[in-house]
Amino acid sequence: MFNKVRVRFAPSPTGGLHLGGVRTVLYNYLFAKKHGGDFIVRVEDTDQARFVEGAEEYIFKCLEWCGLVPDESVLHGGEYAPYRQSERKATYRQYAEQLVKDGYAYYAFDTPEELDAMRERLKTKGSHSLQYDHSIRMEMNNSLRLLPNETQELLDRGTPYVIRIKVNPNEFVLFTDMIRGDIEFDTNNVDDKVLLKADGMPTYHLAVVVDDYLMKISHAFRGEEWLPSAPVHILLWKYLFGLDAMPQWAHLPLILKPDGNGKLSKRDADRLGFPVYAMDWRDPKSSELTRGFKEIGFLPEAFINLLAVLGWNDGTEQEIFTLDELIEKFSIDKVHKGGAKFDFEKAKWYNQEWIKKLPVTNYELRIKEHLQANGILNIEEEYLLKVIELVKDRCTLLNDFYTQGAFFFQAPPTIDTDSVKAKWDEKKNLFFTELVRGYQFTPVWEHSELEREFKEIASANQLKPGELMLPFRIMLVGGKFGPGVFDIASMIGKEETIRRIEHSLSLLQ
RNA sequence: GCCGCGUUGGUCAAGGGGUUAAGACGCCUCCCUUUCACGGAGGAAUCACGGGUUCGAAUCCCGUACGUGGUACCA
């Protein structure tokens, strides 16, 4: 009988939720749901210096938007509460002390200045490593070097200290990563990481192991940037709970910036003009706003979809997946080892596909919001639906519905008369004057009737419809884009059509 | 510097000893369309490099290069 699958996403509430973070959530979620397991969100707020107001609520809002609902979290409750590490502070100390007692960890009293000095010393000595490790620890101010009574005295005096893991040299730490296979670390290269900070908070290293144990996590997914510290975690598992209880690890590939190299960061987004955060994030200190995928006009279905296939595919040609399909088809051994460069063009393509795939009613409200945000009020439901149907093929983002459809609601603010002027003459002027007169008496204001009449007046004036269509379009739309002209005319109605023709005519005088 | 991980077209990628090395995005050409899109047809890679192993390697092994991550009382 296997233990129940339990996975966790462990964000630290320090700012916007990065794309890579959402993908980590997604893979966690897919894996859990595929195996009938639980998806837990645990807030890793052990660094009080980096705490950011509102970041936690923001993360949950992003997850909600994405449709990735946790089974247990600070918000959703659960039997392993609390799910906020700052509220579990006392627990970690207990385990840290236990490690000291068992000889796997020690107290270190070195001040930050002393640590700097130590690194400086090693640097000038030409050392390969500047780490606080087995090679240097007997020269430092810690309970390993000090006599027991000296240590006790420092402790009694309330000297600030940290607890560090004692990594033995000349050993090999081996483990099997679900994505990368067997990985081996030489403990000579592993440093004595701080487990418990001077403020009594655990570092990530201690907290992740303790909580994964206490919360019965079965599989641990995290970014590749954690790989180098994996041996510390494995050692901790060995010393504290035994390797048998340890979850299986999976280190996910990174999402790289599209140009150059390196991890995709918020800076790149600003530079290249696309978002990296799931939703808008406003920094409470600087009040600087960083745009999110949601607000820029992405559908959550598309966002999830494009993230899922950035580093994973099911081996077939399928590219469009619903969440349910992803749950069904996801498998960890199809996840790539190498990082993937993020391609915003392809991201937009996914959104476009989802706009086409989803029923309009799914996102109609969001389009309405975009229109309203741009000053188009008084939107009638039925009319909006027709507009959406007419322009959706040319929209990749939700706010494209404004640029592609605004003229259905209001006269274009500018008319591209330059595109007309070159071939404009009195004959055409006359044609449109007659068209206005004709349209005034059109009995049925409808596509085919309008087109029939248009062509009739054209041939009466010995003009080809072809050379009149573009001017007509520009009069109604303002530029060279949009659906069929007669569709537009029939939509905006007789009065408005005539008004726009006359307005353009006056501009062309 | 040291340690780890990675490397198939511009990008995402299939492919795991014998293939004309899929497909998608983007780009270009053409068709459709009296606009723009949508849609359709086509064009562009010998798999980082060098050695092996093998009758045969993008696929296995070893080096090198390059990239990337870590090297904090941050996660």
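Computed from a prediction, not measured in an experiment: that's the story for all the values here. Values below: every heavy atom of this structure, side chains too, minus hydrogens, waters and symmetry copies. Letters go in sequence order (proteins before strands), and every chain restarts at 1.
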K.L.:
Once you apply a heavy-atom cut-off of 4.0 Å, does Thr46(A) come out as touching a base, just sugar-phosphate, or nothing?
P.N.:
sugar-phosphate
K.L.:
Measure the distance from CG on Asp416(A) to C1' on U35(B) and round it to the nearest whole Å.
P.N.:
11 Å
K.L.:
Classify Leu310(A) by what it touches in the nucleic acid, base, sugar-phosphate, or nothing, heavy-atom distance under 4.0 Å.
P.N.:
sugar-phosphate
K.L.:
Dot-bracket, 5' to 3', for RNA chain B please: Watson-Crick or G-U pairs under 3.5 Å, [ ] where pairs cross earlier ones, | where the partner sits on another strand, dots elsewhere.
P.N.:
((((((((.[[[..)..(....]]].(((((.......)))))....[[[[[..)....]]]]])))))))....
K.L.:
Over all strands shown, is Leu196(A) touching base, sugar-phosphate only, or nothing at heavy-atom distances under 4.0 angstrom?
P.N.:
nothing
K.L.:
Assess whether a salt bridge exists between Arg50(A) and Asp47(A), defined as any Lys/Arg side-chain N lying under 4.0 Å from an Asp/Glu carboxylate O.
P.N.:
yes
K.L.:
Rounding to an integer number of Å, can you tell me how far Lys348(A) NZ sits from C25(B) C1'?
P.N.:
11 Å
K.L.:
Quick check, are the ring centers of Trp312(A) and Tyr27(A) under 6.0 angstrom apart?
P.N.:
no
K.L.:
Closer to the 5' end of RNA chain B via nearest nucleotide, is it Gly484(A) or Glu353(A)?
P.N.:
Gly484(A)
K.L.:
Between Pro483(A) and Lys346(A), which is nearer to the 5' end of RNA chain B once each is assigned its nearest nucleotide?
P.N.:
Lys346(A)
K.L.:
The side chain of Ile183(A) lies closest to which of these nucleotides: C5(B), A14(B), C25(B)?
P.N.:
C5(B)
K.L.:
Counting side-chain heavy atoms from C-beta on, which of G23(B), C73(B), G15(B) comes nearest to Lys334(A)?
P.N.:
G15(B)
K.L.:
Side chain of Lys356(A): nearest nucleotide among G4(B), U34(B), C38(B)?
P.N.:
C38(B)
K.L.:
Please determine whether any donor N or O and acceptor N or O are separated by less than 3.5 Å between the side chain of Arg394(A) and the base of C38(B).
P.N.:
no
K.L.:
Does the plane of the ring in Phe472(A) sit parallel, tilted or perpendicular to the ring in Phe486(A)? Use 30° and 60° as the thresholds.
P.N.:
tilted
K.L.:
Say you pick atom C1' in A24(B) and the same atom in G63(B); how far apart are they, in whole Å?
P.N.:
36 Å
K.L.:
Heavy atoms only, 4.0 Å cut-off, all strands: where does Arg119(A) land among base, sugar-phosphate and nothing?
P.N.:
sugar-phosphate
K.L.:
Whole Å only: how far is the NZ atom of Lys89(A) from the P atom of C73(B)?
P.N.:
18 Å
K.L.:
Out of Lys427(A), Glu434(A), Lys428(A), Glu456(A), which one pairs with Asn461(A) under the side-chain hydrogen bond (donor to acceptor under 3.5 Å, both in side chains) rule?
P.N.:
Glu434(A)
K.L.:
For the C1' atoms, the ones on A45(B) and on C60(B), what distance do you get once it is rounded to whole angstrom?
P.N.:
23 Å
K.L.:
From NZ of Lys464(A) over to P of U34(B), roughly how many Å is that when rounded to an integer?
P.N.:
15 Å
K.L.:
Sort out for me which residue in Asp212(A), Asn28(A), Asp211(A) forms a side-chain hydrogen bond (donor to acceptor under 3.5 Å, both in side chains) with Arg8(A).
P.N.:
Asp212(A)
K.L.:
Rounded to whole Å, please give me the gap between CG in Asp199(A) and C1' in A72(B).
P.N.:
14 Å
